[in-house]
Structure formats: C-alpha cells, structure tokens
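As the structure is a prediction and not an experimental result, all values here were calculated from the model. Note on naming: letters A, B, ... go to the chains in the order of the sequence lines (proteins, then strands), and numbering restarts at 1 for each one.
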Amino acid sequence: MKRLFIVAIVAILVASMAPVHSQGGVTFNVGMQDEPKTMNPFQAQDVWDWNVLTYFYEGLVTYRPIDFKIVPNVALEVPEVSSDKLEYTVKLRNDATWSDGKPLTAHDYALFGNMVKEFQIGRYLSSWEFVDTVEALDDYTLHFVLSECRVTFIEGTLMSLPIPSHIWEPKLAEFRAAESPTKALQEYQPVEPGEMVSCGPLIFMEWQRGSYVKCKKNPDYFDFGRTHVYDDGTQLVHGPYYDYIVYRIYDTTDAAILGLKKGEIDYIWWAIQPGYVSDLLADPNVTVTNNPENGMRYMAFNCAREPFSDVAFRQAVATLVDRDFIQERVLQNYGEALYSVVPPGNRQWYNTEVTKWGYGKPMTDRVLEAVDILKQTGNYSWDVEPTVEEGAVVPGEGIKYKGEYIKPFVILTPPADYDPLRAMSGMLIQEWLKQIGLPVAAQPTAFGTIVQKAMGERDYDMFVLGWSLTIYPDYLRDFFHSSQIMEYGYNIPQYSNPEFDRLADDLVTCGPREEKIQAAFKLQEYLANEVPYIPLFAPAAVEAYRNDHFSGWFDQLDGIADSIMYVKPVAAPEETPAAEEEEEEGGGTCLGTLFVALAVIGGSAFYLKRRN
Amino acid sequence: MSMQKYIVKRVVQIFLTLIIIMTIMFILFRMMPGDPTAFMLDTRMTPEHKAIIRAQFGLDKPIWYQYLLYLKNFFRGNFGRSFYYARPVYDLVMEKLPATLLLWTGSYVISYSLGITLGKIIAWRRGGKLEFGSTLFGLFFYCMPIFWVGLIMLWIFSYKFGLFPLGGLKGPDVWSDPTSSIWLKALDVLHHVALPLSVLTLAFFAGSMLVMRTSMLETLREDYIMTARAKGLPEKTIRDRHAARNAMLPVVTAFAIAVAGSVGGGVLTETTFSYPGLGKLIVDATLTFDYPLAQASFLFIALMVLVANLVADILYAYLDPRIVY
Amino acid sequence: MKILEVNNLRMYFSTKKGDVKAVEGVSLEIGKGESVGLVGESGCGKTSIGISILKLLPDNGRILDGEILFKGEDLVPKSEDEMRAVRWNGISMIFQAAMNALNPVYKVGDQIVEAIMIHEDVTKEEAHERVARLYELVGMSPERAENFPHEYSGGMKQRAIIAMALACDPDMIIADEPTTALDVIVQDSIIKEIKKIQAKLNMTMMYISHDISVIAETCERIAVMYAGNVVEYADSVTLFASPLHPYTHGLLSSFPSIKGPLKKLTPIPGEPPNLLNPPTGCRFHTRCPYAQRLCKEEVPVFKEFKERHYAACHYAGELSLR
Amino acid sequence: MDEQKPRTKWEARIQQWKKSWEMYKENKIGLVGIGFLIFFLVFALLGFVMPHIDPIYHPMTGFDPYIVSKSPPSTTHLLGTDFWGRDILSQLMSGAQIAFLIGLTAAVVAVAIGTTVGLVSGYYGGATDTLLMRTVDIVLTLPFLPLIIVVSAAVGKQSIWVLVLIIALLSWGGISRVIRSQTLSLKQRPFVEAARVAGATDARIIFRHIGPNVLPLSFLYMSFLVLGAILTEAGVSYLGLGDPTRVSWGIMLQWCRTTGSTFTWYWMLPPGLCITMMTLSFYLIGRAVDEIVNPRLRKR
C-alpha cells in the first residue's frame with residue numbers, strides 16, 4: 001500500500017515534469033517590478049498600470065518617439081491652436097476598430113471626457129476642466145468648446161484615451177445610482193478579456209495577480225506598419241512584431257536581472273540601480289542603456305520663513321551645494337547635475353544659459369563665494385567667520401542674520417528605501433551647509449510626511465524631493481505661480497514674483513511654440529537666479545535588455561520603453577552558444593525542481609514509515 | 001469548565017484584543033502625519049482635485065466619525081479600500097493569506113518537528129558530536145539576521161547555481177501555460193517556497209531545539225523515567241513515549257510566547273524573497289502609506305498570532321491531561 | 001534458596017569533584033520469600049544498592065566491583081538488553097509515589113499494561129484484565145485504572161504502584177521508601193497492604209527506608225547501612241534486642257519505638273560523612289563514641305558474628321551498647 | 001549603626017557578585033561570549049579614533065578622494081569601500097557603536113518597565129494585577145516586527161531614538177511576567193513581613209526589599225533583550241525604516257541592497273557577520289547567566 005502510494009507520487013511528478021509545449025508564436029517578455037493595480041482607466045494611476053493599459057487605448061494625437069513631436073493618431077490632423085480660438089472640430093479616421101470588431105468612433109472620445117467631468121476623476125480633470133463641452137457631431141467628428149485655450153488642450157485633452165462606449169455606457173446607470181458614483185466607477189474592476197476591449201496594438205488576455213499579465217497582438221490594429229521618418233534618416237516602423245507579450249512581475253531588481261541573464265525576460269521595464277551595471281556588462285547578451293529621465297530632484301526652501309526668504313541666503317546655499325560631487329559620487333555619473341528646473345534631457349525646453357552657482361569650483365572656493373554673497377547684503381555676521389587655511393575649510397561658527405543667531409533648522413529628506421540617492425544627497429548638503437556655520441540637520445522623513453508638511457501644512461524649512469515631469473513645461477507655472485500658494489497647492493516654496501506670474505500665465509495659454517519656448521527660458525532664468533528650488537540632479541534611466549532576442553531598440557528621453565512597439569525578433573541562428581548556455585541554466589532550475597520533488601517524496605515516505 | 005466553553009472564552013478574548021489593536025492602529029495612523037494621497041501626486045493635478053480625492057477616501061470627515069465608520073465597517077467585514085491598489089483591502093489580504101499560511105505554518109511545523117527531534121536526541125545522548133554540532137549550527141542561524149541569511153541563500157542557490165527562483169510564488173512559465181497540470185503547478189509553488197521555507201526553518205529550529213533539550217534533560221531526571229527504565233522498556237520507548245512526550249510541554253509554551261516575535265522573521269523573509277504574502281504586503285503598504293491596507297494586514301497577522309496562541313493552548317491541553325479549564 | 005546474593009559490591013558516582021563512593025563493598029543475601037529491610041540515614045547509599053541491583057544507574061554511576069547474583073546469575077556483566085528481561089519480570093520495584101513515579105500524561109492502567117506487554121506475549125485485553133485483577137488485589141476499584149495520576153490521592157498512587165510492581169509476577173520486589181511521603185494513617189494502611197500481599201503471594205522483598213520502625217514492622221531481617229557500607233545484618237528481633245554495631249545502637253536509640261517502653265531518645269552526634277572523601281578505616285569512627293586508633297586505621301571486616309548475624313566492627317560483641 | 005548596615009550589605013552584595021563571577025568563569029561558553037563582547041567594545045571604541053587618523057575614515061562623510069565607487073579590499077581600505085567610496089571597516093566600527101547604543105538603551109528601558117510592572121503587579125495583586133497582566137497578555141501577542149514597521153512608519157520621523165523607544169515599549173511583556181511570579185514568592189518571605197511591620201511604605205518594600213532580589217533575573221533578561229533589539233534594528237533598517245543619518249549595520253545592508261550591490265560580497269557579508277557575532281555573544285552571556293541564576297540548569 002505504502003509503496004504503491006510512493007510510486008504513484010513519483011509517477012505523477014515525473015509525468016508533470018515532462019517538457020511543456022508552449023503555444024506557437026513569438027513572445028516578448030517584459031520584467032516589471034510591481035503588478036498593475038487595476039485595468040480600469042479611471043482608476044489607473046501608477047506606471048505599472050499604464051505600462052499595460054497604454055497599449056489598449058489610442059489618443060487622438062500622440063507624441064512620436066525620440067523627438068516627441070506631436071503627430072496625429074486617430075485624428076486626421078493636429079489642430080492649429082491659438083489663444084483666441086475657443087471652438088475646435090477634430091476629424092477622426094474611419095478605419096479604426098475595437099478588438100471586438102466595433103468601430104472606434106468620436107462617441108468613445110466624447111464619453112471619456114464627459115465621464116471625467118461628471119465623475120470628477122481628479123487625475124484627468126486638469127485636461128478637461130477648461131473644456132466646456134465635447135460632443136460627437138457624427139461618428140467621426142468631435143466638437144470641442146473651450147472656456148480658454150490652454151496648451152494642455154493638445155498635450156492633454158487630445159491625448160486622452162477613448163473608452164469603448166458600447167461596453168461602458170450600459171454600466172453608467174449603475175454607477176450613477178450608487179451612493180458615491182465616483183467610488184462606484186473607480187471600484188469597477190474589469191478583469192475578463194470580454195470587458196477589456198482594445199483599440200491599440202495589444203489585446204488583453206489574462207492577468208494572474210502577483211505573477212504576470214499576458215497580452216496578444218491585435219491583428220486589426222489600424223496603425224500597424226506606420227512609419228516615422230526622422231531628419232537623420234532613421235525610420236521607425238510601428239509593430240508589434242511578436243504574437244504575445246508577457247509582463248512578468250519580478251518585485252526585486254536582483255530577481256529581474258537574473259531573469260534577464262537567464263533569458264526569461266527580454267527587457268526590464270524600470271530604471272535599475274547603477275550598482276548592477278558592471279555585472280550586466282559582463283554578459284554579452286545583455287545591453288545596458290543610459291538615458292536621461294524627464295525628472296528632477298531638488299531641494300526647496302520655505303520662502304515664507306526667515307532667513308530662507310532672503311534671496312542671498314538661497315544663492316549662498318546653492319553655491320555650497322556641490323552638484324558636481326553629487327553627480328560624480330552619489331549618481332556615479334548615471335544622471336546629471338542640474339542647474340535649471342527643466343532637465344537637459346528635455347532638449348527643446350532646456351535653457352543652457354541659466355546661472356550655475358558654484359559650477360566646477362572646489363569646496364574651498366564655494367565657501368568663500370557663499371560667504372561673499374552673504375556679506376554683501378550686510379545682514380549676516382559670524383562669531384567665527386569661515387575661512388580657508390592651507391587648502392582646507394575652517395568652518396564658521398555662530399552665524400547671525402540681522403543680528404540674531406540663526407535658529408537650528410532641518411532638511412527633510414526622504415528615507416533611503418524610497419530613494420537612497422536623495423537620502424544621501426540630503427546628508428551631504430547638511431555637511432556642506434555646516435561649512436559656513438549653518439545649524440542644519442538632515443531629517444530622514446517618510447515620503448508621505450514630507451508631502452503633508454511641505455504641501456499641506458507648509459511647516460518646514462527645507463526639504464529634498466523630486467518630480468517626474470511632462471514634456472511641455474507647464475509645471476513651471478504650477479510650481480512657482482503665486483496662485484498656487486494654498487493648502488496642497490503646488491507652489492511649495494511659496495515663491496512669489498508678479499513678473500514671473502505674468503510670464504508663467506503666458507506659458508500655459510495656446511500660442512506659437514517659439515514664443516512659449518522664449519517664455520520658458522525666461523522663467524528658468526528667474527528661477528535660477530532667485531533659487532526657490534535648488535535643482536540637484538536629473539536622474540538617469542539605466543536600463544537593460546537582451547540583444548539576442550529582439551533588435552531595433554532606440555534611445556529617447558526617459559528610457560527605451562517606447563521601443564517595445566518597434567523591436568523585431570532576431571532571426572534565431574541554429575544552436576548558438578547562448579542558447580546552449582540558456583539550456584544549462586534551465587537545467588539548473590529543473591534540478592532544483594527535482595530536488596524539491598525528492599524532498600516531497602522523501603518526506604511523505606518518512607511520514608508513512610513513521611505511521612506504520 | 002469544559003473545553004468548548006474555554007475555547008469560546010478564548011475566542012471572545014481574541015476578539016477583544018483585536019478591537020484594542022484596531023483602536024491603537026486607528027489612533028496611530030490618524031494622529032500621525034503623512035498624507036495618503038501623496039502617492040497620487042501628478043504634476044497636472046490641481047489642489048481642488050486633491051481635495052476631491054481626499055473626500056473620496058473620507059479623509060475630510062472628523063476623526064471620531066472616521067473611527068466609528070471604521071469600527072462599523074470592521075463589524076461588517078469591510079476593511080476599506082486600499083489607497084494604493086484601489087481595491088477592497090479584504091480581497092487583497094485574502095489573496096495573500098494562503099501564501100503566508102503556507103510559508104509560516106510550513107516553517108513552524110518543519111522547524112518545530114526538527115527542533116523537537118534534534119533536541120530529544122541530543123539530550124538523550126549528551127555530549128556527543130551531534131550535540132555540539134547542532135547547537136553551534138542552530139545558534140548561528142538563530143543569531144543571524146534572517147534577511148541576511150536569505151540574501152546569502154539567494155546568492156548561492158539562486159544566483160550562482162540557479163537551483164531555485166529568486167522570488168515570488170508562481171512561475172509565469174508554468175502558470176501561463178494552459179496545459180500545465182495541477183501537479184506541475186503544485187510543484188512549481190513548492191519550488192518557489194523551498195528557499196524561504198528553508199531560511200525560516202533554519203532560523204527557528206534552534207529555539208525549539210534548545211528548549212526541548214533543556215526540558216528533556218529535566219524530564220530525564222524525573223522519577224517516572226526511572227520507573228520506565230525499571231519496567232524494562234526499550235530505550236526508544238522511554239525516550240519517545242515517556243521523556244519526549246512530557247518534555248514537549250514547555251516547547252509548546254515557548255512556541256506560544258515566541259510566535260509573536262517570530263512573525264518578524266516571516267515578514268523579513270517574505271520581503272527578501274519577494275514572496276507575495278501578508279508580510280510583504282504590510283511592508284509595502286507601510287512604505288506607501290496605504291493605511292487601510294497596512295492596518296488590515298497587521299490585523300490579520302495579529303489574528304494569526306492569536307490563533308496560533310489558541311492552538312498552542314489547545315495542544316497543551318491535549319498533551320497534558322492535568323490541565324483543567 | 002537464595003534469590004539474590006550481593007557480594008562485595010562497589011558502586012561509585014563520578015562527579016567533577018571526584019568519585020562519590022556510594023556503595024563500598026556491600027554483601028547481602030536474600031532467600032526466597034524473605035523480606036529484608038535496608039535502613040540507614042539519607043545519603044548512606046541504600047537507594048544506590050537498590051538501583052545497582054536493577055542496574056538503573058545514572059550516566060555517572062558505575063559498578064566497579066562485586067557480583068549481584070540473581071537466581072544464581074551474575075547481573076553485573078549483563079548488557080542493557082539482557083537486563084531489560086530481568087527488570088520487572090525478575091525484579092520489580094515499588095517507587096515512592098509522591099516523587100512522580102507515574103508518568104503524568106498517561107492513564108495509570110495503560111502504564112501498567114505497557115509493562116505487562118513488554119514482558120509477556122498477551123493481548124491488550126488480557127493485559128487490561130490483569131490490571132483489573134491487580135487493582136482488586138491492592139484494594140482499588142478497577143475503573144480507576146482509566147484515570148490519570150493527577151486524579152489519584154497519594155495513597156491511591158502508592159497502591160497503583162504496588163499493583164504495577166506485581167504486574168509481571170516478579171521473583172522479587174524492591175520497595176524504595178514506599179511510604180515516606182504519605183501521612184501516617186495512609187502510611188499505615190499501605191504497610192498493611194504490602195504485608196498482606198507479601199503474605200499472600202509469598203513475595204521476596206527488599207524494603208528500603210530510613211525509618212527503622214517501618215522496617216521493623218515489615219521485615220524479617222534488617223541490614224543497617226552507614227556511609228556506603230552495610231554495618232550490620234541480622235533478623236529483626238536480634239537486631240533490636242542485641243545490636244552489635246555502635247551505629248545500629250545509635251540508630252535504635254534515636255528513633256521512638258512504636259511498641260515497647262518509652263525511653264530517652266539520643267541522637268547520634270555529628271554529621272554523616274561526605275562520601276566524596278569518606279573517613280579512613282571504619283567510616284563511622286568519626287562519630288563513634290567507642291572509636292579507638294584501630295578504627296581509624298583499619299577497615300573492619302563484615303563477618304558473621306553469630307548465626308546469620310553479620311556486623312562490621314572491630315569491637316563487635318566486645319562493647320556493651322546501652 | 002545605620003551607616004554601618006548598608007556598608008555591610010554592600011559588601012555582602014559585592015561578595016555575591018564575586019561568587020557569581022567565580023561561577024561564571026567556570027562557564028566556557030559564557031567566557032566566549034564575554035570575549036566577543038570585549039572585541040566589539042574595542043572595535044566600537046576604535047570607531048571614534050578612526051576619523052582622527054584620516055578624515056577618509058569617517059563612516060558617513062569619509063569619501064575617499066581617489067576612489068569614487070565601490071572597491072574591494074585594499075591597503076588603504078582593509079575591507080574595501082562602499083558605493084560612494086567610503087571605508088567599510090570604519091562603517092562597521094560605527095555600526096558596533098550603534099548596536100551597543102540601541103541594544104543597551106532599549107534593553108535598559110524595557111527591563112525598567114518590565115521589572116516595575118512585574119513588581120507592582122506581583123506585590124499588589126488583585127485588580128491591579130489583573131489589569132496589568134491582561135495588558136501584558138496583549139503586549140505579548142502583538143506581532144512584534146510588523147507593529148514596529150507600522151508604528152515607525154506612522155511616526156514618520158526616522159530617528160534612532162524613536163526606534164529605541166518603540167522596541168523598548170513593545171518588549172517588556174515577558175520580563176514582567178517572570179518578575180511578577182518571583183515577586184509573588186518573595187512577598188511571602190519573612191523579611192518582607194518584617195519590613196511591613198517596621199512601617200515601611202509599599203514603594204520602599206517594593207524597590208528596597210523585593211527589588212534587589214529580582215535584579216539578577218532582570219539582568220538575565222536584559223542580555224536577551226539586547227540581542228532582540230539589535231536584530232530588530234537591523235531588520236527595520238534593512239526594510240528602509242531605519243535612521244540613515246547614522247551608520248548602523250542594518251543601514252549598511254540597506255545601502256548595499258538599494259544601490260544594487262546585493263551580491264557584492266565584501267560589502268554584504270561583513271555587516272551581517274558582525275550582527276551575528278554580536279547577538280551570539282549576548283546570547284552566550286545570557287545562557288551563562290541563566291545557569292547561574294537558575295541553578296537547576298547547572299550541570300551536576
């Protein structure tokens with residue numbers, strides 16, 4: 001009896017270990033660090049949601065890859081905008097369909113806009129609040145009436161997604177009837193492929209929570225084969241060139257990197273820490289790319305408090321903050337020291353000519369310069385003035401502002417787990433400021449707490465945080481316009497400058513691009529001179545992909561992710577050494593499985609023996 | 001008092017403890033700074049929109065109202081919605097619970113069986129090489145930071161030799177293939193669980209082994225062991241039936257005391273192996289300020305500890321007929 | 001016929017500080033159906049003799065020398081496995097009940113059944129039946145066999161232990177302080193029970209106690225132990241009437257007699273010696289009022305002075321012990 | 001005469017300690033534990049000296065001007081440097097300081113709370129006892145690390161002192177139970193009765209008469225609490241909830257992990273090894289003290 005049982009187990013296990021026949025077709029495997037949280041576009045908020053969702057929905061207009069030029073997508077052309085024109089009619093192409101065969105129509109776009117307004121979906125409201133009405137004149141014509149023309153009309157409203165009205169409209173009544181309609185809408189969780197129709201290049205197949213999301217190629221995708229031609233002759237032809245895409249959840253970079261090396265995945269869809277690079281470079285099948293991110297890390301002052309309200313003080317601090325050191329040490333040169341609020345990666349909008357406090361100078365010079373800046377105002381004095389002796393700084397002591405000792409103040413820095421780079425920068429800044437005798441302490445603080453103190457209560461001295469940015473720098477207005485000085489307003493430093501306000505207002509209204517760029521440059525100059533933020537660095541998107549499975553990857557701002565729709569399978573040569581190696585590693589896993597199986601058998605045998 | 005009555009009494013106690021824990025949780029999270037909407041920041045979100053979001057989460061209501069709402073929802077089995085996952089917390093917790101139960105109970109069962117067996121043997125044959133070896137080995141793992149052991153194991157077994165997966169619970173290769181049999185899936189899960197389970201087992205077994213050893217040594221001095229020997233019973237019967245059986249009682253007590261502390265090991269292990277269980281959930285939820293989720297996962301972990309205590313008590317009563325309730 | 005003969009037994013416990021010389025050259029013989037008492041102060045090695053006979057020595061105890069002849073066979077060289085057959089079947093033991101001689105987690109009946117089933121090829125049912133009969137024999141209701149030890153009173157536990165000792169119908173029983181922790185009334189009834197059973201079954205017994213009055217009541221012959229030696233061995237009447245060894249005399253006068261005339265109790269002066277480092281010569285010489293130089297220098301021989309009356313004293317018979 | 005008495009009492013106590021030390025010396029594992037401890041003490045003290053030898057040995061700001069990224073052991077950096085070119089050996093020394101700081105402070109606070117609660121509960125009995133012991137029941141069933149994670153996140157501020165306080169506030173439960181039962185038996189002793197008859201106040205009886213008698217037990221538990229506190233700090237720091245302004249071993253491992261250097265042996269192994277040896281030393285000391293305080297464990 002006992003033996004029979006064991007034999008049965010062994011038989012089943014052996015049978016189950018037989019090689020699995022996978023479905024035919026090419027699969028592209030992507031590693032993700034976290035799983036999507038929802039497939040509901042009204043609820044989706046983080047990158048992991050959008051990494052999947054973005055391929056199901058096509059906007060009216062879109063950025064093309066690499067240079068982010070705005071090109072028509074479902075719309076037939078990009079409308080010309082000007083600040084005095086408030087009504088727009090957009091024509092749609094008529095060959096686009098949803099994956100269930102229903103045509104993609106103007107109603108689908110109008111429904112989205114109207115739902116955003118009706119259900120007050122915060123995430124999208126900024127693109128729709130200035131839109132008075134949106135309606136479908138017919139199946140392929142959309143009509144917008146705006147209350148004012150903002151740049152976000154094109155770079156927000158027209159980039160909004162459509163939603164399949166034939167699926168969502170029947171549900172609306174249900175949402176509206178709920179106690180809280182918004183909540184009801186957001187709690188709706190489509191997970192079945194039937195609920196998830198797509199008009200983009202991919203179709204949702206299944207989602208195993210915590211493990212993976214699987215999609216397949218949309219055979220009816222209208223834009224397949226679309227070619228982008230660039231000035232330098234590069235051509236990109238829209239794919240996808242594979243049949244399936246699997247988003248595998250890896251959770252730790254360690255695991256993802258091993259997966260990449262083993263060939264389980266073709267691309268890690270997040271920026272990996274530079275610490276991994278040397279290891280990865282040793283693998284000939286892996287390519288590491290380094291692209292600037294459209295983001296910045298900064299330190300902000302509370303300009304409503306003394307002495308931070310003093311421009312000279314802020315300039316002196318900016319001089320002391322050795323951003324070159326941060327770039328070299330903290331970032332290990334993966335990333336760039338930043339002097340303007342717009343990161344250099346956003347080439348079109350980045351002003352190279354802004355004031356660069358302390359740029360390229362050793363710490364000794366920086367200290368002297370900072371002291372100089374402060375002393376020129378006549379407001380600062382020291383008990384012991386900082387000096388430089390024999391090439392080393394003798395730190396100052398007892399710094400006074402307007403005759404009174406400056407009280408100890410803190411820099412709120414995010415904790416190391418959130419971002420070790422920012423935490424480390426905070427520590428460094430503390431040490432640098434101490435050089436001129438400032439009584440400062442870096443206080444690692446939970447991210448949420450910083451946000452609440454900085455944005456909500458405005459109870460802080462300085463803090464270190466970061467922003468992910470948009471291509472169009474309308475954030476220059478949001479972050480520094482005096483109208484944003486309110487609870488949870490975006491002007492966290494409480495910077496106020498009427499001239500700046502006027503120019504910033506200009507930036508967000510519709511108008512010729514050249515004018516806007518000039519305005520953005522001017523705004524950057526203001527900010528660089530008056531330093532409400534000290535921009536610290538622009539991080540880099542260090543990414544890795546396998547070069548032996550797919551080719552045709554291209555670099556762009558924020559990383560190579562957009563390549564996913566353009567890469568082509570490498571024609572697999574018979575029996576390359578790489579394939580052998582891969583098999584070997586697969587053998588290792590198999591061995592592990594076998595080991596576990598043996599343990600199970602041994603354990604049950606032992607148990608049975610003991611029972612007898 | 002009968003056993004049933006005792007269990008009912010204990011369940012009521014557990015319930016009260018849970019309410020106290022919940023209240024503490026509530027106070028902690030509401031009194032402390034930290035804005036849960038922080039993670040939804042978007043450069044194009046206006047302050048008004050933020051207010052709307054806050055209202056959606058009920059954060060604009062007075063504290064006492066939130067507390068009553070919270071208790072009411074608790075009694076209804078509604079733990080609220082996760083800020084981060086935007087799904088009912090209950091569903092999330094229930095998704096992770098089986099994985100955690102598998103890992104934690106698995107490691108407790110294995111490590112305590114191992115510890116009891118080893119402790120029994122080394123106490124019986126005092127001073128042998130086995131005693132020295134297993135005590136040293138066990139103590140090292142007992143004192144090592146568990147996540148560090150986990151990292152080393154990952155390094156050796158997963159990274160260098162590729163014998164085990166680096167994390168997770170289900171391999172996409174197996175699970176995304178519709179032809180996979182249930183056995184293959186079970187094997188895949190075991191394959192994923194093997195390393196974290198070993199780490200936890202290594203970390204835990206020394207505790208039970210040392211308690212068992214001490215307790216066994218004391219038991220061996222008891223007169224009924226002399227009686228058993230005088231009766232001419234075989235050594236193994238004396239060791240297992242008479243000595244070990246009695247010596248296990250303090251181990252059960254020690255388990256009840258240790259379990260609250262040792263779930264920390266479970267949490268760290270889950271995090272190290274990115275094992276999708278409650279322990280990882282609570283860490284992630286905490287780091288993202290997802291208080292409903294952090295609270296609920298904490299509550300469930302606490303509940304597991306309380307249930308483990310109850311089980312220990314019942315087991316004790318089963319093992320020791322002298323216990324009267 | 002001699003059931004048990006102990007010849008020149010030496011048993012030591014090794015400790016960190018040195019050897020504890022618990023049994024030093026002890027000789028005894030017990031005939032079939034006899035009951036022999038072993039008496040002495042606590043720590044004198046009487047229990048050590050008991051466990052030496054069954055070879056139930058702790059890890060640090062060892063028999064250095066001597067023979068233990070049980071039904072003519074020497075037990076000393078026997079292996080643990082061979083001993084197992086002797087235990088309980090040949091020689092069983094009555095332990096002191098208050099000292100947890102019963103395993104608290106098993107039903108008392110089961111513990112007796114366990115002993116039976118190890119030694120005899122009987123079914124569980126038969127064994128249980130025998131337990132019921134044994135319970136009746138010791139004056140307990142057979143249903144009580146289904147109870148746990150903690151549900152018994154001290155006296156009941158002791159009866160159960162007696163029943164257990166009788167379970168395999170042994171050739172000899174060693175009773176180690178069976179009544180010590182019981183209160184006087186229960187003590188009395190247990191002693192009566194033992195006597196009754198002994199008479200009924202014609203049981204050979206070795207009775208170990210520090211209480212000479214209890215021994216006097218139950219035993220035909222008495223061996224007096226002092227510091228690892230048997231100093232005197234005689235039938236009880238003789239021993240009480242005319243002790244040969246000063247220690248026996250001292251022991252008798254330090255105990256109140258239940259029967260007989262009242263007399264003044266005189267405790268033996270001094271402390272029992274430390275067996276790690278016992279006195280030279282006669283071990284009692286440090287406390288002996290009659291000690292001479294010889295006593296300090298030479299170990300007295302344990303020899304028969306009168307018919308079946310043995311003693312180990314240089315001056316045995318020469319002293320007038322009053 | 002009143003002055004004489006405490007002196008003799010004090011002397012008696014010293015003698016008691018001496019006796020205990022004699023017994024402790026017998027215990028080999030205890031001596032190994034002490035040995036490790038002394039090593040770490042010296043190690044920690046050296047940590048204060050290092051930055052004065054050369055500023056590049058400052059654990060936090062000692063960026064080596066010539067080494068800009070992680071590097072394996074060399075002559076200037078005996079154990080190599082971390083990701084930012086800082087000396088790992090000096091960081092380990094700083095870690096030892098933090099470990100002592102956290103371990104001892106948390107243990108002392110926890111022992112103080114636990115002993116007081118145990119004494120009060122055992123001495124007064126009745127409703128006080130019930131209330132306190134039910135509290136202990138709850139404290140003991142709180143899942144320790146998850147609660148610390150949740151609380152330290154809720155506090156928001158990542159300071160070592162907050163961590164110490166939380167650890168201390170959550171780990172006094174076990175000790176108070178033991179002290180309580182000890183107090184219960186001590187309460188019956190004649191000297192307590194005598195003190196009461198002599199008119200001593202409750203507080204005086206608790207802390208002057210019963211207190212000193214339970215101190216050895218408290219001391220025993222302290223070494224296990226130190227161990228727990230060190231491991232807890234390491235775990236919490238590893239999860240990213242520690243205090244990154246101080247270089248502790250847990251923080252070192254956290255840096256190692258978050259910079260993607262998990263499998264850099266010369267960075268990853270030493271801190272863990274230090275944690276292991278330090279906790280092991282406290283464990284061994286605890287075991288040795290245990291054998292002195294609980295004589296039944298002594299080998300015969």
Side-chain angles (χ1 to χ4, degrees), chain B residues 13-14 16-17 20-21 24-25 28-29 31-34 139-149 151-152 154-155 159-160 210 214 217-218 221 256-257 259-268 271-272 278-279 282-283 285-287 289 291 294-295 297-298 301-302 304-306 308-309, chain D residues 29 134-135 137-157 170-171 173-174 177 227-228 230-232 234-236 238-241 249-250 253 256-257 262-263 265 268-269 271-273 275-284 287 290 296-297 299-300:
Chain B
Q13 245 177 36
I14 287 178
L16 287 177
T17 312
I20 292 172
I21 291 175
I24 296 172
M25 288 288 102
L28 262 177
F29 276 104
M31 293 305 184
M32 299 299 178
L139 269 186
F140 259 98
F141 279 102
Y142 182 80
C143 290
M144 279 182 194
I146 192 162
F147 53 91
W148 184 68
V149 180
L151 287 176
I152 293 176
L154 272 179
W155 184 12
Y159 194 72
K160 281 276 168 215
L210 293 173
T214 311
L217 285 176
E218 257 169 64
R221 269 178 231 162
I257 293 173
V259 71
S262 59
V263 294
V267 171
L268 287 166
T271 313
T272 308
L278 276 185
I282 193 174
V283 173
T286 307
L287 293 177
F289 269 80
Y291 11 101
Q295 265 170 154
S297 19
F298 181 78
I301 292 176
M304 280 165 65
V305 171
L306 291 170
N309 267 289
Chain D
I29 50 168
R134 287 295 84 77
T135 315
D137 283 347
I138 292 176
V139 170
L140 279 178
T141 45
L142 288 176
F144 190 67
L145 192 77
L147 189 60
I148 290 182
I149 292 169
V150 167
V151 172
S152 63
V155 172
K157 219 163 49 175
L170 288 176
S171 45
R177 266 194 189 170
L227 181 164
I230 293 174
L231 280 178
T232 307
V236 172
Y238 169 77
L239 291 176
L241 294 160
W249 292 327
L253 284 169
C256 179
R257 195 178 65 125
T262 318
F263 302 134
W265 62 272
M268 195 261 266
L269 290 181
L273 214 57
I275 298 172
T276 309
M277 299 322 282
M278 183 115 155
T279 47
L280 190 64
S281 87
F282 277 104
Y283 182 86
L284 295 179
R287 286 289 281 205
D290 200 6
R296 72 199 161 80
L297 292 178
K299 278 187 191 158
R300 284 188 302 194

Quick one: [atom1] on [X] to [atom2] on [Y], what's the gap to the nearest 0.5 Å?
X: B:I20; Y: D:R134; atom1: CD1; atom2: CZ; answer: 11.0 Å
X: D:L227; Y: B:Y142; atom1: CG; atom2: OH; answer: 6.5 Å
X: B:F140; Y: D:T279; atom1: CZ; atom2: OG1; answer: 9.5 Å
X: D:L241; Y: B:T286; atom1: CG; atom2: OG1; answer: 7.0 Å

Chi angles and distances behind the side-chain contact (heavy atoms from CB on, under 4.5 Å) call for D:T262, B:W155: CA-CA 8 Å; D:T262 318; B:W155 184 12; over 6 Å; no
D:F144 atom CZ, neighbour heavy-atom count above 12 within 6.0 Å: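 Yes - once you tally the heavy atoms of other residues, nucleotides and ligands closer than 6.0 Å, there are more than 12.
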For chain D, the option from B:T272, B:I146, B:V259, B:I257 that forms the most heavy-atom pairs under 4.5 Å: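 Most pairs with chain D among the choices: B:T272.
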Largest heavy-atom contact set with chain D, pairs under 4.5 Å, which of B:I152, B:T17, B:L217, B:L151: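 When all of B:I152, B:T17, B:L217, B:L151 are compared, B:L151 has the most.
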Quick check on [X] against chain B: is it the side chain, the backbone, both or neither that has a heavy atom closer than 4.5 Å?
X: D:L280; answer: both
X: D:L170; answer: neither
X: D:W249; answer: neither
X: D:T141; answer: both

Could you have a look at [options] and say which one has the most heavy-atom pairs with chain B under 4.5 angstrom?
options: D:T232, D:L284, D:L253; value: D:L253
options: D:P143, D:G228, D:G250; value: D:P143
options: D:I138, D:L140, D:I148, D:V150; value: D:V150
options: D:D137, D:I29, D:I230, D:I149; value: D:I149

Which atoms of [X] come close to chain D, meaning under 4.5 Å heavy atom to heavy atom: side chain ones, backbone ones, both, or neither?
X: B:L139; answer: both
X: B:I21; answer: side chain
X: B:S262; answer: neither
X: B:F141; answer: neither

Where do [X] and [Y] come nearest, in terms of heavy atoms and distance?
X: D:L231; Y: B:C143; result: CD2-O, 3.5 Å
X: D:M268; Y: B:W148; result: O-NE1, 2.9 Å
X: D:G272; Y: B:P145; result: O-CD, 3.9 Å

Heavy-atom check, side chain of [X] versus side chain of [Y], under 4.5 Å:
X: B:V305; Y: D:L142; value: no
X: D:L147; Y: B:F298; value: yes
X: B:L210; Y: D:R287; value: yes

Test side-chain contact (heavy atoms from CB on, under 4.5 Å) applied to D:L145 and B:L268, B:V283, B:V263, the passing residue: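 When side-chain contact (heavy atoms from CB on, under 4.5 Å) is applied between D:L145 and each of B:L268, B:V283, B:V263, only B:L268 qualifies.
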